[in-house]
Protein chains: 2
Amino acid sequence: MKTPMTQRAKHLPSDERRAEAVEAVVELAASANPEEITTSAIAARMKLTQGALFRHFPTKDAIWQGVMEWVSERLLARIDRLAGAESDPLAALKAMFLGHVDFIAEHPGVPRMMVGQLQNTGETPAKRMARALVENYANRLRRILSAARAEGVLPPDLDIDAAAALFLGMIQGLVMQHLIHGDSARMRADAPRVFAIYRAGLVAGATAVEGRT
Amino acid sequence: MKTPMTQRAKHLPSDERRAEAVEAVVELAASANPEEITTSAIAARMKLTQGALFRHFPTKDAIWQGVMEWVSERLLARIDRLAGAESDPLAALKAMFLGHVDFIAEHPGVPRMMVGQLQNTGETPAKRMARALVENYANRLRRILSAARAEGVLPPDLDIDAAAALFLGMIQGLVMQHLIHGDSARMRADAPRVFAIYRAGLVAGATAVEGRT
DNA sequence: GATAAAAGTGAGTGATCACTTCTATTCATG
DNA sequence: CATGAATAGAAGTGATCACTCACTTTTATC
């Protein structure tokens, strides 16, 4: 009678193992503080020993860098696809926003990891990657907002940078609520309501309100 | 000639040492990832040995709890004072917002610590404290927003919860920009511009915009 | 099917962490 | 000014971390 030994892991090419590791991290971050995601935990989820992990990544930060690339590619591809499908710029913004919220609901670890990276003090490649994602995202927002202003859909005095910052803030605000309540259905439900106020602020224009207060 | 030995720390009552420790953490968080703030680092900044720290706190999380109380008291007191000084609800909101941004500019470690606590998985007293702060803050926002709606300053169909969430999101968005650029002067400058869009969104009302898009 | 490269194992390594313990110093109180 | 309690210092402790290494197993290639 053989003892049911823990099976030895199958040999896989390094590319595939790296992809596995990145996905393991994304999944782990859904329920764990990113700082607590140890190389042992990653390896365990991959059903690998910890040492084997370092055959495919030179350092732990290289894993994080891979994760940030994963997030970047997926998120930007999604919002580009959604925004591209809309002709009206405001509809494109809304589609981007709701798509982003969906992405977070599908991968709840993502904002946690992003914040975790941005919090880091050193200048690691992973942090650079995270910052680049935010920059790329903001550029896309500014492009759409500028186009909308040029089309006359948004008022000529609209503060593009402030509008882009507020868009990102909306996401952050929903993420924080999500962190506190842990309810992604609620986040999805809140998203359109928050966006409605944002859109109203965009179309109203600054001068229209200055006189009011 | 005496060697300049490191001076022995003065004996202080536990209350004062605890206050010192909390302030040391707040200062350290201004330039360090909260996860990297070790008890040794705290003690070093207090010019104390690490062991001495545990004479005044039973555990490290107790220190964090003290820090979160410090933040709670200071921040809520400030926004209450600022909001109370305004008769117009919209002016009160703006004063709260700019006061909050000032608070963050004065204590850049605060949002980092808050996020760090909310990221934690376990149910520590410090995390409860952080969550309580957010709840209290949101309650104050809802109260002011409701009052404004009742006064007719804001439209009757305004979504109070969404407006409160967006307010918190504005702060988060500025914090993220601050994390990325590390420029608190810029954050202070951006704050009123972002708030202008927010205010426009509030006063416009939902129905006024539905038809536009 | 021999062989070498690639991938996995398992047992380390040193560094660092929160926390403890024992001793030394300070300080308030009589 | 003696004394005891409070506080600080110094040197631990065990746990955990990222990372290494010698060795074994698998896999691709001729």
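Proteins get letters first, then strands, A, B, ... in listed order; numbering begins at 1 in each.
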- Task: Report yes if at least one side-chain N or O of B:His56 is closer than 4.0 Å to OP1 or OP2 of D:dA8; otherwise report no.
- Result: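 So the side-chain polar atoms of B:His56 do come within 4.0 Å of the phosphate oxygens OP1 or OP2 of D:dA8, strictly under.
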- Would you say D:dC17 has OP1 or OP2 under 4.0 Å from some side-chain N or O of A:Ser40?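 No, because none of the side-chain N or O atoms of A:Ser40 sits under 4.0 Å from OP1 or OP2 of D:dC17.
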- Item | Any residue meeting ring pair (Phe, Tyr, Trp, His ring centres under 6.0 Å) with B:Tyr137, in chain and number order, not counting sequence neighbours |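 Residues passing ring pair (Phe, Tyr, Trp, His ring centres under 6.0 Å) with B:Tyr137: B:His100.
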- Query: What residues, two or more places apart in sequence or in another chain, satisfy ring pair (Phe, Tyr, Trp, His ring centres under 6.0 Å) together with B:Phe103?
  - Reply: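 So B:Phe103 forms a ring pair (Phe, Tyr, Trp, His ring centres under 6.0 Å) with B:His107.
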Distance check, rounded to the nearest 0.5 Å: [X] atom [atom1] versus [Y] atom [atom2]?
{"X": "A:Leu118", "Y": "A:Leu133", "atom1": "CG", "atom2": "CG", "answer": "9.0 Å"}
{"X": "B:Leu154", "Y": "B:Asp159", "atom1": "CG", "atom2": "CG", "answer": "12.0 Å"}
{"X": "A:Lys60", "Y": "A:Thr39", "atom1": "NZ", "atom2": "OG1", "answer": "6.5 Å"}
{"X": "B:Ile63", "Y": "B:Thr59", "atom1": "CD1", "atom2": "OG1", "answer": "7.5 Å"}

- Message: Just to verify, what does B:Glu86 make a salt bridge (charged side-chain N to carboxylate O under 4.0 Å, His left out) with, not counting sequence neighbours?
- Response: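 Expected list: none.
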- Using the test salt bridge (charged side-chain N to carboxylate O under 4.0 Å, His left out), find all partners of A:Arg143 that sit at least two apart in sequence or belong to another chain.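 Counting only residues at least two positions away or on another chain, A:Arg143 forms no salt bridge (charged side-chain N to carboxylate O under 4.0 Å, His left out).
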- Item | Those residues that, when tested against A:Glu69, pass side chain to side chain donor-acceptor pair (under 3.5 Å) (two or more places apart) |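 Expected list: none.
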- Message: Using side-chain contact (heavy atoms from CB on, under 4.5 Å), reason through A:Val134 and A:Arg131 one step at a time and then give a plain yes or no.
- Response: CA-CA 5 Å; A:Val134 176; A:Arg131 202 161 34 200; 5.6 Å; no
Between [X] ([atom1]) and [N] ([atom2]), how many Å, whole number?
{"X": "B:Ile42", "N": "C:dC19", "atom1": "CD1", "atom2": "P", "answer": "10 Å"}
{"X": "A:Gln7", "N": "C:dG10", "atom1": "CD", "atom2": "P", "answer": "12 Å"}
{"X": "A:Lys60", "N": "D:dT20", "atom1": "NZ", "atom2": "P", "answer": "15 Å"}

- Message: Let me spell it out: for each of A:Ser14 and B:Pro58, pick the nucleotide of DNA chain C with the closest heavy atom. Which residue's pick is nearer the 5' end?
- Response: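 The residue closer to the strand's 5' end, by nearest nucleotide, is A:Ser14.
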- Item | Within residues 118-128 of chain A: residues closer than 4.0 Å to DNA chain C (heavy atoms) |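 Residues of residues 118-128 of chain A that come under 4.0 Å of DNA chain C do not exist, since none gets that close.
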- May I ask you to list the residues of residues 47-54 of chain A, by number, that have any heavy atom positioned under 4.0 Å from an atom of DNA chain C?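 The answer is A:Leu48, A:Thr49, A:Gly51, A:Ala52.
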- Query: Does A:Arg149 reach the main-chain N or O of A:Leu158 with its side chain, forming a donor-acceptor pair under 3.5 Å?
  - Reply: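 Checking the backbone N and O of A:Leu158 against the side chain of A:Arg149, a donor-acceptor pair under 3.5 Å is found.
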- Query: Are the side chain of B:Tyr198 and the backbone N or O of B:Lys94 linked by a donor-acceptor pair below 3.5 Å?
  - Reply: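 The answer is no, because no donor-acceptor pair under 3.5 Å joins these two groups.
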Can you give each donor-acceptor pair under 3.5 Å made by side-chain atoms of residues 25-36 of chain B, sequence neighbours left out, with the distance rounded to 0.1 Å?
unit_1: B:Glu27; atom_1: OE1; unit_2: B:Arg45; atom_2: NH1; d: 2.4
unit_1: B:Asn33; atom_1: OD1; unit_2: B:Glu35; atom_2: N; d: 3.0
unit_1: B:Asn33; atom_1: ND2; unit_2: A:Glu35; atom_2: OE2; d: 3.4
unit_1: B:Asn33; atom_1: ND2; unit_2: A:Asn120; atom_2: OD1; d: 3.0
unit_1: B:Glu35; atom_1: OE2; unit_2: A:Asn33; atom_2: ND2; d: 3.4
unit_1: B:Glu36; atom_1: OE1; unit_2: A:Thr121; atom_2: OG1; d: 3.1

- Can you figure out which of D:dT7, C:dG8, D:dC19 approaches the side chain of A:Arg55 most closely?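 Side chain of A:Arg55 sits closest to C:dG8.
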- Can a salt bridge be assigned to the pair B:Lys47 and B:Glu20 using a cut-off of 4.0 Å between side-chain N and carboxylate O?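 Not counted as a salt bridge, because no side-chain N and carboxylate O are separated by less than 4.0 Å.
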- Taking 4.0 angstrom as the limit, do A:Arg74 and A:Glu106 come out as a salt bridge?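 No, this pair does not count.
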Taking only N/O atoms, report every protein-nucleotides 25-30 of chain D pair under 3.5 Å with atom names and distance.
unit_1: D:dT25; atom_1: O2; unit_2: A:His11; atom_2: NE2; d: 3.1

- Task: Check each residue of residues 32-39 of chain B for a non-hydrogen atom within less than 4.0 Å of any atom in DNA chain D, then write out the ones that pass by number, or none.
- Result: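 Result for residues 32-39 of chain B: none.
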- Message: Can you pull out the residues from residues 18-28 of chain A that lie within a 4.0 Å heavy-atom distance of DNA chain D?
- Response: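 Going residue by residue through residues 18-28 of chain A, none turns out to have a heavy atom under 4.0 Å of DNA chain D.
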Distance-only criterion, 3.5 Å: show the donor-acceptor pairs between side-chain atoms of residues 179-192 of chain A and protein atoms not counting sequence neighbours.
unit_1: A:His181; atom_1: ND1; unit_2: A:Gln177; atom_2: O; d: 3.1
unit_1: A:Asp183; atom_1: OD1; unit_2: A:Ala185; atom_2: N; d: 3.1
unit_1: A:Asp183; atom_1: OD1; unit_2: A:Arg186; atom_2: N; d: 3.2
unit_1: A:Arg188; atom_1: NE; unit_2: A:Asp102; atom_2: OD1; d: 3.0
unit_1: A:Arg188; atom_1: NH2; unit_2: A:Asp102; atom_2: OD1; d: 3.2
unit_1: A:Asp190; atom_1: OD1; unit_2: A:Arg193; atom_2: NH1; d: 3.1

